[in-house]
Number of protein chains: 2
Amino acid sequence: MQLSLDEHINRFVPLSESEKQILSSFTKSQVVKRRGILLSNGEVSRSLYFVEKGCLRMYFINDKSAEQITQFALEGWWLTDFFSFMDNTPSDYFIQTIEASKLVSIDRLAFDELLKAVPKLERYFRIIMQKNLAASQLRTKYLYEMSKEEFYYHFSSNFPEFMQRVPQYMVASYLGLTPEYVSELRKRNS
Amino acid sequence: MQLSLDEHINRFVPLSESEKQILSSFTKSQVVKRRGILLSNGEVSRSLYFVEKGCLRMYFINDKSAEQITQFALEGWWLTDFFSFMDNTPSDYFIQTIEASKLVSIDRLAFDELLKAVPKLERYFRIIMQKNLAASQLRTKYLYEMSKEEFYYHFSSNFPEFMQRVPQYMVASYLGLTPEYVSELRKRNS
DNA sequence: GTTCGTTCTTAAACCAGCTTAATTTATTCG
DNA sequence: CGAATAAATTAAGCTGGTTTAAGAACGAAC
């Protein structure tokens, strides 16, 4: 599976050829190998990333020195630490590829310029942010209403392809479970 | 404290007088008494609400028939169930005023029309959604990194005015704690 | 196909936070 | 104000999920 940024934008806001050219002049395409680091903690999150192909994770190091994953991004998703990106402040997060990936990135300043140059994209990003917000509301609801056991089963039965793409311990981290407990759940269910 | 929508928009996108008039023709101002219901579960979340004065809560009924609060909105915040609002599907949530409140609401269709009529507002809402998303990422990080005890102290020391405005059991619900446990924490800390 | 690092499993002890249920204190509103 | 209702507290017992520690299985790279 692969999804170009142009194609994705076109689903919401059709762009003219010249607008597409302006867009590509403000963005960078990059191919990153497996486990490549895009952002390290302490740095400012300078870029907003779009995943054309592959998979990203965002995580921080918790007080037990363990990696705590807070978000994944698959094909068609945008990812950054928005506070750091907007306010130009150091981030607590790491962003890393899980697989070899093809990305489009936009720097903070380029993002502002781009939106001035192609105001139609304000609409595209408004819609994207709105959808992200809806997804985030739903995730929060799940966190409140499900036990950790339910949350795990919900996730594994709703996203089986994802479970196969990503190591089990990363899924465990994202769901806020210990790998040991996930093992127990898998045993229980088989 | 009171904050008009015009003023709030003006912080991000200055509007002309005629644009302000178009805006007000697509929105509704309403004063709602304490504990007034704006959305009930099973209904479509037809409106997006801006709080000019007062306080809203969004909650659902969990499997133990208890109210589970997922969001508050104070002056200057927008609130709705975005999935229901965007896709026109029934919501699981209730939205209710905690205090007597002054609100501005925009219906789904009016929202689309408004954005067509005043494209500048795409930018305003893009920024609002982006800020919401940043706030949501931060909240998620807190959930992952803090124990419930830490989460409670963090919240009560960072938002003391809020703790006084909202009943303790609502704060407990929002933080995912039982009222009994909050009582214990308060006793421990005094 | 062997090696070395990474990932997953097993099991027992442990504890943060919940449940239950009874009591006290605040609020609301006639 | 005073009655009724809603909210907050207390304390004991319990449990879902973690911690710890050790070993087993996997998979990438030579």
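Note that the structure is predicted; figures quoted are calculated from it, not measured.
Map B/Arg34 and B/Ser147 each onto its nearest nucleotide of DNA chain C; the residue landing nearer the 5' end is B/Ser147. Residue whose closest nucleotide on DNA chain C sits further toward the 5' end, between A/Val166 and B/Met146: A/Val166. Between B/Tyr181 and B/Tyr169, the one whose closest nucleotide on DNA chain D sits nearer the 5' end is B/Tyr169.
Atom OH in A/Tyr152 sits roughly 17 Å away from atom C1' in D/dT18 (whole-Å rounding). A/Phe151 places its CZ atom 13 Å from the P atom of D/dT18, with the value rounded to the nearest Å. Spacing between atom CD of B/Glu184 and atom C1' of C/dC18 amounts to 10 Å, rounded to whole angstrom units. Regarding A/Glu149, its CD atom lies at a distance of 15 Å from the C1' atom of D/dT18, rounded to whole Å. When rounded to the nearest whole Å, the span between CG of B/Leu175 and C1' of C/dC18 equals 16 Å. A straight line from CD of A/Gln168 to C1' of C/dT6 spans 13 Å, rounded to a whole angstrom. As a whole-Å value, the separation of A/Met163 CE from C/dC8 C1' is 13 Å. As rounded to whole Å, 15 Å separates atom P of D/dG27 from atom CD of A/Glu99.
At a threshold of 4.5 Å between non-hydrogen side-chain atoms, the residues A/Thr70 and A/Tyr93 count as touching.
B/Thr178 has a side-chain polar atom (N or O) that falls below the 4.0 Å cut-off from OP1 or OP2 of C/dC18. Contact between the side-chain N/O atoms of B/Arg186 and the OP1/OP2 oxygens of D/dA8 is not found at any separation under 4.0 Å. A/Lys64 has a side-chain polar atom (N or O) that falls below the 4.0 Å cut-off from OP1 or OP2 of D/dT19.
Taking a 6.0 Å sphere around NZ of B/Lys131, one finds it holds 12 or fewer heavy atoms contributed by other residues, nucleotides or ligands.
Within 4.0 Å (heavy atoms only), A/Arg35 reaches sugar-phosphate atoms of the nucleic acid but no base atom. In this structure, B/Glu180 reaches the bases: a heavy-atom distance under 4.0 Å links it to at least one base atom across the strands shown.
If you check D/dT19, D/dG17, D/dA11 against the side chain of A/Lys148, the one that comes closest is D/dG17. With D/dA11, C/dT10, D/dA7 as the candidates, the nucleotide lying closest to the side chain of B/Lys187 is D/dA11. Of the candidates D/dG17, C/dG17, C/dT10, the closest approach to any side-chain atom of A/Ser183 belongs to C/dT10.
Applying the side-chain hydrogen bond (donor to acceptor under 3.5 Å, both in side chains) test to B/Asp107 and every residue at least two apart in sequence or in another chain returns B/Ser47.
If you check the side chains of A/Ser105 and A/Gln30, you find a donor sitting under 3.5 Å from an acceptor.
For A/Tyr144 and B/Phe60, the gap between ring centers reaches or exceeds 6.0 Å.
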